[in-house]
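Since the structure comes first, as structure tokens, the remarks are kept for the end.
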There are 2 protein chains.
Amino acid sequence: MSDLKISEKTVTLVDHVESKLFKFITSRKLRVGDAIPNENELAEALGVSRSVLREALSRLRMLGVIESRTRRGMVLCEPNMFGGFQRVINPLILGDESLINLLGFRIALELGICSAIIDNITDDDIAELDDIVKRGPAVDLNFYKAESEYEFHSKLYEVTGNQSIIQFQELVYPVTQFVHNKFRDYFEPINRKLIRNGQIVTHDDILHFIKNRDKEGLKTAMERHFEPYNRFLTVKRTVTGDRSIAVSKKKTKTR
Amino acid sequence: MSDLKISEKTVTLVDHVESKLFKFITSRKLRVGDAIPNENELAEALGVSRSVLREALSRLRMLGVIESRTRRGMVLCEPNMFGGFQRVINPLILGDESLINLLGFRIALELGICSAIIDNITDDDIAELDDIVKRGPAVDLNFYKAESEYEFHSKLYEVTGNQSIIQFQELVYPVTQFVHNKFRDYFEPINRKLIRNGQIVTHDDILHFIKNRDKEGLKTAMERHFEPYNRFLTVKRTVTGDRSIAVSKKKTKTR
DNA sequence: AAATACAAATTTGTAATACAAATCTGATAT
DNA sequence: ATATCAGATTTGTATTACAAATTTGTATTT
């Protein structure tokens, strides 16, 4: 026998039942609104007690896959795809590494919507952005007032018209603020340096390119706007020597 | 009284307890590995039966927020942020609108990592990409063999070194394939037209820009590579007239 | 015959009890 | 001091019971 006994993750009956319920739903091609057999039937069919079945059902209910009303029984629903995500995106639950990855995720996503922004934006949208920029000028070192910062970026996401992107941004945005505050000491010198060199790109600059419908300009401006974060991410990687990065860095980076 | 009685979503005790458990964890600033009071204590403290408590705990267990081993009790864990997401990202569970939004999400993300790819890519990575491209040439109409297609894009994500991005891609990728198959009738004419006009951008083209470390070139190439999908997304929006889009289109789009 | 009122049955939500399995603790014996 | 064994603790599972809500069916009345 092995002498290591790490993380004896016992797979419980509830885990199995949960999985079987998902299979039940998908294999029968049930559609939203379809009824699901009542608890006693299900428990009997799966050969488990009602307690175990209900623990599994409770999970599906949390995800929004099913809903139940007394007497009417249970029905299949279309879940919000970020329902579970929402519950764990919390700096007090996630570790620093995950949070930093999320920050990188958000930045990539925001760079990626630049093109769609130019394609979709209306004059009304631009007027709104103008308003937001005027109401919340840069306070210090590329740090905007929190509300203005949020409004500006949120508005950009809104312009894509993609509900999944919008919702994701809403959930992840607070993480940006958290990382910013927690690692303030990293950001400040980076920002000072960028300011000295006149390399800071403000919301005003970004808006300028949007007004001109200048796709390439917007992409570049956005990338520069996130420069402090990117530098931070690079610093963090080399400093903490985190494993996931180390793996991909193992390979020779020449040239 | 109102005559509509839509979706009388009853908030159950389990819902409350779930929420209280999250609050318990965050308010006490518990860290990964910290013990959690045993079930009887918790049930008593929250004033509910052990059954209700366990239904709530079952949800946290599913998300990976807690783990429990017999006798040792329960401990706090760092959840995989996409644990819940993973369970519902399934074309048989999600509706078409959500799937199409997800496709748009993935494309935006992939456009957004272009810059990071050039910054991080090593010669070894390029050799691997070269291999993938050689092994799986375009079969027909910009449709690669499924495995090659997956390998190529996966490799690009891998280069970012961002675990959250990598995992997200792995979960969402199948959706691309699904949408592609389901709406094949939309894609084919679009592809034919692009091919006629010589506007198709292949993996080979993309790799070319990567080899030259040409950031701007890569971005443009990638955008063109996704052109069929973008046209599809535009068509879908105007055809289905989906509400979420309609809202953002309500505003006058002049110029 | 129709409409109203009332009773019964069904289904989920909650509680309580019981016991098995696993494993940590401590005591006892050598 | 070490080894062994019994007991206690904690989660996993099953069972029973009942409350609440709502649909369905029945009966009564006009």
Side-chain angles (χ1 to χ4, degrees), chain A residues 1-21 24-25 30 33-77 79, chain B residues 1-21 24-25 30 33-77 79:
Chain A
M1 298 164 195
S2 109
D3 34 342
L4 330 180
K5 41 198 285 185
I6 294 171
S7 162
E8 305 235 357
K9 184 190 269 173
T10 46
V11 178
T12 67
L13 263 182
V14 177
D15 295 324
H16 280 133
V17 171
E18 181 208 326
S19 157
K20 283 191 178 177
L21 287 174
F24 175 85
I25 291 168
L30 297 185
D34 284 353
I36 289 168
N38 71 50
E39 295 182 353
N40 285 320
E41 279 181 49
L42 279 177
E44 195 176 6
L46 296 169
V48 295
S49 71
R50 211 183 135 211
S51 345
V52 167
L53 173 73
R54 279 186 59 86
E55 285 189 28
L57 287 173
S58 179
R59 297 177 176 184
L60 301 212
R61 237 176 260 123
M62 178 188 67
L63 295 176
V65 175
I66 61 174
E67 261 184 28
S68 40
R69 272 164 273 172
T70 24
R71 170 62 193 163
R72 165 110 191 185
M74 295 178 283
V75 294
L76 193 67
C77 303
Chain B
M1 296 164 194
S2 107
D3 34 343
L4 328 182
K5 41 198 286 187
I6 294 173
S7 160
E8 305 234 358
K9 184 188 271 175
T10 46
V11 178
T12 66
L13 262 183
V14 177
D15 296 325
H16 280 133
V17 171
E18 181 209 323
S19 156
K20 283 192 178 174
L21 287 174
F24 176 84
I25 291 168
L30 297 185
D34 284 354
I36 290 167
N38 71 50
E39 296 182 353
N40 285 320
E41 280 180 47
L42 278 177
E44 195 176 6
L46 296 169
V48 295
S49 71
R50 209 181 137 212
S51 339
V52 166
L53 173 72
R54 278 187 60 86
E55 285 189 27
L57 287 173
S58 180
R59 297 176 176 184
L60 300 213
R61 236 176 260 123
M62 179 188 68
L63 295 176
V65 175
I66 62 173
E67 261 184 29
S68 41
R69 273 165 270 173
T70 24
R71 170 58 194 165
R72 163 111 193 186
M74 295 178 284
V75 293
L76 192 67
C77 302

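Naming: A, B, ... by sequence-line order, numbering from 1 per chain. Note that the structure is a prediction, hence the values are computed from the model and not measured.
One atom, CZ of B/Arg71, and another, P of C/dT23, lie 11 Å apart when rounded to the nearest Å. The distance from atom CD1 of B/Ile66 to atom P of D/dT11 is 10 Å, rounded to the nearest whole Å. The distance between atom CG of B/Asp15 and atom C1' of C/dT12, rounded to the nearest whole Å, is 13 Å. Distance, B/Glu55 CD to C/dT14 P: 8 Å, rounded to whole Å. The CD atom of A/Glu67 sits 15 Å away from the C1' atom of C/dG13 (whole-angstrom rounding).
In this structure, A/Ser68 reaches the C/dG13 phosphate: one of its side-chain N or O atoms is under 4.0 Å from OP1 or OP2. For A/Arg54, a side-chain nitrogen or oxygen approaches OP1 or OP2 of C/dG13 to under 4.0 Å. Residue A/Arg61 has a polar side-chain atom (N or O) positioned under 4.0 Å from OP1 or OP2 of C/dG13. For the OP1/OP2 pair of C/dA22 and a distance below 4.0 Å, the side-chain nitrogens and oxygens of B/Arg69 include no atom meeting the criterion.
Residues passing the side chain to side chain donor-acceptor pair (under 3.5 Å) test with A/Ser49, sequence neighbours excluded: A/Ser51. In terms of the side chain to side chain donor-acceptor pair (under 3.5 Å) criterion, residue partners of B/Arg50 (sequence neighbours excluded) are, by chain and number, B/Glu39. Residues satisfying the side chain to side chain donor-acceptor pair (under 3.5 Å) criterion with B/Arg71, sequence neighbours excluded, are absent altogether. For A/Glu41, the side chain to side chain donor-acceptor pair (under 3.5 Å) partners two or more places apart in sequence, or in a different chain, are A/Asn38. In this view, A/Glu18 and A/Arg59, B/Arg87 satisfy the salt bridge (charged side-chain N to carboxylate O under 4.0 Å, His left out) rule, not counting sequence neighbours.
Residues from residues 38-52 of chain A placing a heavy atom under 4.0 Å of any atom in DNA chain D, listed by number, are A/Val48, A/Ser49, A/Arg50, A/Ser51, A/Val52.
Residues A/Leu13 and A/Arg72 both approach DNA chain D. Their nearest nucleotides, taken by heavy-atom distance, put A/Leu13 toward the 5′ side.
Between A/Val52 and the options A/Thr12, A/Leu46, A/Val17, a side chain to side chain contact (heavy atoms under 4.5 Å, CB included) holds for only A/Val17.
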